[in-house]
*Asks:* 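This is the structure I want to talk about, given as structure tokens.
Protein chains get the first letters and strands the later ones, always in sequence-line order, with residue 1 at the start of each.
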Amino acid sequence: MKRTEIKEILQCTKYGTFINVKGWVRTKRASKNVAFIALNDGSTIKNIQLVVEMNPENDKILNHIHTGAALSVDGLLQESVGSGQKVDVFTKNIEVLGEANPDEYPLQPKKHSLEFLREKAHLRFRTNTFSGIARIRHSMIFGVHKFFTERGFYNIHTPIITGSDAEGAGEMFQVTTLNLSDVPKTENGEVDYKNDFFGKVANLTVSGQLEGELAALALSKIYTFGPTFRAENSNTSRHLSEFWMIEPEMAFYDLEDNMNLAEEMLKYLLKYALDNCRDDLDFLSKRLLDEEKNKKAEERSMELIEKLKFVLDNPFARVTYTEAIDILLKSKPNKKKRFQYVIKGWGDDLQSEHERYLVEKHFKRPVILTDYPASIKAFYMKQNNDGKTVRAMDVLFPQIGEIIGGSQREDNYNKLYNRIKELEISEKSMWWYLETRKFGSVPHSGFGLGFERMIQFVTGMNNIRDVIPFPRTPQNLEF
RNA sequence: GCCUCCAUAGCUCAGUUGGUUAGAGCACCUGACUGUUAAUCAGGGUGUCCGAGGUUCAAGUCCUCGUGGGGGCGCCA
């Protein structure tokens with residue numbers, strides 16, 4: 001018989017229909033005359049209730065059914081007598097596809113700690129929390145493509161392996177086929193990369209931006225959505241060594257256009273989640289309330305759905321770096337030296353405690369900071385006429401901090417060339433990038449959105465390792 | 001990379017100033033129960049107290065090192 005997915009069954013009112021349902025057991029309850037099994041197949045966070053009549057045959061089968069077992073069940077769809085659900089399935093034939101020995105199966109019908117589940121990443125999809133996150137993550141992926149497609153952007157696949165060592169976004173993972181226990185050397189004693197696979201040093205990409213710019217300077221509006229690799233020794237709840245990044249790049253966009261697009265996209269995605277993932281968000285909201293019930297009232301975060309709606313309904317604050325420094329200099333924690341790093345004046349880099357103050361205490365909503373000092377930003381950013389700032393923008397979210405980093409790009413050949421020289425970046429490896437400023441150069445802008453940070457915000461998960469199925473972090477490569 | 005905290009039953013955790021045989025809830029097994037909602041009630045026994053050293057008459061408890069994990073900071077998305 002053809003299988004019907006639980007999501008569909010729960011909406012069906014054709015009582016008396018004979019159906020087949022397959023899935024994994026969440027809980028089993030038995031009494032003298034009847035047993036109940038909550039079955040889940042991942043099509044929705046909701047379970048279907050199986051009603052099993054107690055007879056010698058079923059009794060035998062029930063002994064093999066525990067939390068985690070996989071079943072294929074034929075039965076009658078019926079209006080539920082119980083109050084917890086509208087429909088259930090009165091079983092006629094139960095096949096145990098795969099048992100789950102309760103002495104060994106680690107998941108129970110109870111709350112597990114996220115830390116415990118992180119070490120059981122191969123099984124954690126089978127929990128409400130992680131299946132919910134996976135469904136939301138999918139919706140967000142789809143939402144990203146939908147958003148850009150609706151606006152005439154083209155998706156570009158930028159390379160994963162790069163020969164450019166000047167992307168400047170951080171430490172890189174080297175890619176090599178050289179025998180590391182017998183590395184070929186040149187006469188000078190240096191590694192002879194001529195013998196390596198590509199004949200030169202190769203790394204995993206830290207950003208698709210530079211290649212994205214090349215495409216934007218022909219197709220006008222493009223975006224990338226791919227994996228990104230950073231070999232930084234970062235040990236925080238918002239860093240991964242391997243993560244997914246969305247990088248739109250637009251010709252003829254200035255910083256203002258760039259900010260508008262960023263804000264529009266973030267709100268589009270939030271609305272998409274609210275419109276399409278309500279069941280999962282409701283569950284995650286309850287989870288968060290439960291997790292924070294022991295916290296003091298002032299330390300608790302806003303209820304999840306309320307928070308998403310709040311961000312959706314309010315314009316982001318937009319301030320320049322210079323204005324932000326003024327606000328911070330006048331702030332209580334700075335005057336009373338409550339900040340670990342006290343702001344002394346213009347030119348200081350903003351630490352996460354300062355960003356958090358601006359977002360959570362001062363503006364109480366997402367903040368877009370612009371026009372940072374050139375000295376603390378990347379070489380490719382458009383230089384302002386003041387000679388000291390660049391057209392950069394960071395979008396800061398509560399709890400997560402920087403969710404987007406972007407800028408208008410320097411389109412003037414000489415200015416870009418001089419900046420590259422100043423920072424002693426190898427101009428040889430950047431020849432192709434520089435050429436775009438030589439031929440038909442136009443103002444253009446773009447940004448990078450950390451996909452997992454966005455998922456963190458939408459799901460309310462505190463640790464980024466819980467919003468990607470198989471997190472890669474320093475000293476951690478299990479699964 | 002730096003700073004901190006934690007590790008006791010399959011899971012979540014309690015275990016007093018170091019002191020006799022190591023404790024609870026859940027899960028599991030048995031029984032009861034007229035349809036339950038993480039069912040309920042009664043009974044059953046969980047163990048390398050993370051590992052290796054050390055201090056002590058005596059270590060789950062104190063010390064050192066190691067391993068694993070959490071949180072914070074930096075770098076960033």
*Asks:* Determine the Euclidean distance between corresponding C1' atoms of rC29(B) and rG72(B); express it in Å to zero decimal places.
*Replies:* 45 Å

*Asks:* Does a side chain donor of either Q456(A) or E452(A) reach within less than 3.5 Å of an acceptor in the other side chain?
*Replies:* no

*Asks:* Check the phosphate of rG74(B) against Q351(A), side-chain N and O only, distance under 4.0 Å to OP1 or OP2. Yes or no?
*Replies:* yes

*Asks:* By nearest heavy atom, map N235(A) and R465(A) onto RNA chain B; which one lands nearer the 5' end?
*Replies:* R465(A)

*Asks:* So S352(A), base contact, sugar-phosphate only, or nothing? Heavy-atom distance under 4.0 Å.
*Replies:* sugar-phosphate

*Asks:* Please measure how far the C1' atom in rG10(B) lies from the corresponding atom in rC57(B), and state the result in whole Å.
*Replies:* 37 Å

*Asks:* Which value, in whole Å, describes the distance between the P atoms of nucleotides rG70(B) and rC13(B)?
*Replies:* 14 Å

*Asks:* Kindly indicate whether the side chain of H239(A) and the base of rC76(B) share any N or O donor-acceptor pair separated by less than 3.5 Å?
*Replies:* yes

*Asks:* Could you tell me the separation between the CD atom of E104(A) and the P atom of rA9(B), rounded to a whole number of Å?
*Replies:* 18 Å

*Asks:* In whole angstrom, what separates Q475(A)'s CD from rG1(B)'s C1'?
*Replies:* 12 Å

*Asks:* With rounding to the closest Å, how many angstrom separate the P atoms on rG19(B) and rU4(B)?
*Replies:* 28 Å

*Asks:* Within the distance-only criterion (no hydrogens, no angle test), does the side chain of T4(A) pair as donor or acceptor with the backbone N or O of I9(A) below 3.5 angstrom?
*Replies:* no

*Asks:* With a 4.0 Å limit, can you tell me whether T228(A) has a side-chain N or O closer than that to the phosphate oxygens OP1/OP2 of rA77(B)?
*Replies:* no

*Asks:* Work out how far the P atom of rA9(B) is from that of rC50(B), and round it to whole angstrom.
*Replies:* 8 Å

*Asks:* Does D41(A) pair with K22(A) as a salt bridge, N-O distance under 4.0 Å?
*Replies:* no

*Asks:* Using a 4.0 Å heavy-atom cut-off across all strands, classify I246(A) as base, sugar-phosphate, or nothing.
*Replies:* nothing

*Asks:* Base, sugar-phosphate, or nothing for Y341(A), non-hydrogen atoms under 4.0 angstrom?
*Replies:* sugar-phosphate

*Asks:* Check each residue of residues 114-139 of chain A for a non-hydrogen atom within less than 4.0 Å of any atom in RNA chain B, then write out the ones that pass by number, or none.
*Replies:* E115(A), F116(A), R118(A), E119(A)

*Asks:* Check the angle between the aromatic planes of Y321(A) and Y372(A) and answer parallel, tilted or perpendicular using the 30° and 60° thresholds.
*Replies:* tilted

*Asks:* Provide, to the nearest angstrom, the distance between the CZ atom belonging to F229(A) and the P atom belonging to rA77(B).
*Replies:* 16 Å

*Asks:* With pairs defined as Watson-Crick or G-U wobble and both distances under 3.5 angstrom, please note down RNA chain B as a dot-bracket string, | for pairing with another strand.
*Replies:* (((((((..((((.....[...)))).(((((.......))))).....(((((..]....))))))))))))....

*Asks:* Can you tell me the distance, in whole Å, between the CD atom of Q209(A) and the P atom of rC76(B)?
*Replies:* 14 Å

*Asks:* Reading nucleotides 35-45 of chain B 5' to 3', which nucleotides get B (base under 4.0 Å from a protein heavy atom), which S (sugar-phosphate only), which -?
*Replies:* BBBBB------

*Asks:* Would you kindly say whether R135(A) and S131(A) are connected by a side-chain donor-acceptor distance under 3.5 Å?
*Replies:* yes

*Asks:* Do R238(A) and rC75(B) share a donor-acceptor pair, side chain to base, under 3.5 Å?
*Replies:* no

*Asks:* Are any non-hydrogen side-chain atoms of Y357(A) and R338(A) less than 4.5 angstrom apart?
*Replies:* no

*Asks:* Could you check whether E292(A) and S301(A), counting side-chain N and O atoms only, form a donor-acceptor pair closer than 3.5 Å?
*Replies:* yes

*Asks:* Does any part of the side chain of K92(A), heavy atoms only, come nearer than 4.5 Å to the side chain of L76(A), both counted from C-beta?
*Replies:* yes

*Asks:* Less than 4.0 angstrom between a side-chain N/O of H112(A) and OP1 or OP2 of rA27(B), yes or no?
*Replies:* no

*Asks:* A cation-pi test, strictly: NZ or CZ of R151(A) under 6.0 Å from the centre of the six-membered ring of Y268(A) and no more than 45 degrees from its axis. Yes or no?
*Replies:* yes

*Asks:* Kindly confirm or rule out a cation-pi arrangement of K46(A) over F283(A), judged by NZ or CZ under 6.0 Å from the six-membered ring centre and within 45° of its axis?
*Replies:* no

*Asks:* Check the pair R356(A), E353(A) against salt bridge (charged side-chain N to carboxylate O under 4.0 Å, His left out), reporting the backbone distance first and the verdict last.
*Replies:* CA-CA 5 Å; R356(A) 217 174 301 134; E353(A) 58 181 340; over 6 Å; no

*Asks:* Measure distances between side-chain N and O atoms of S234(A) and base N and O atoms of rC75(B), and say whether any donor-acceptor pair falls under 3.5 Å.
*Replies:* yes

*Asks:* How far does the P atom of rA24(B) sit from the matching atom of rC3(B), given to the nearest Å?
*Replies:* 41 Å

*Asks:* Considering only atom P, compute the distance from rA59(B) to rC6(B) and round it to an integer number of Å.
*Replies:* 22 Å

*Asks:* When the P atoms of rG1(B) and rG23(B) are compared, how many Å lie between them, rounded to an integer?
*Replies:* 43 Å

*Asks:* Find the distance N462(A):CG to rG70(B):C1' and express it as a whole number of Å.
*Replies:* 12 Å

*Asks:* Hydrogens and angles aside, do R29(A) and S31(A) bring a side-chain donor and acceptor to less than 3.5 Å of each other?
*Replies:* no

*Asks:* Find the distance E353(A):CD to rG72(B):P and express it as a whole number of Å.
*Replies:* 14 Å

*Asks:* Salt bridge or not for K111(A) and E291(A), using N-O below 4.0 Å?
*Replies:* no

*Asks:* Output the rounded distance in Å from OH (Y105(A)) to P (rC11(B)).
*Replies:* 14 Å

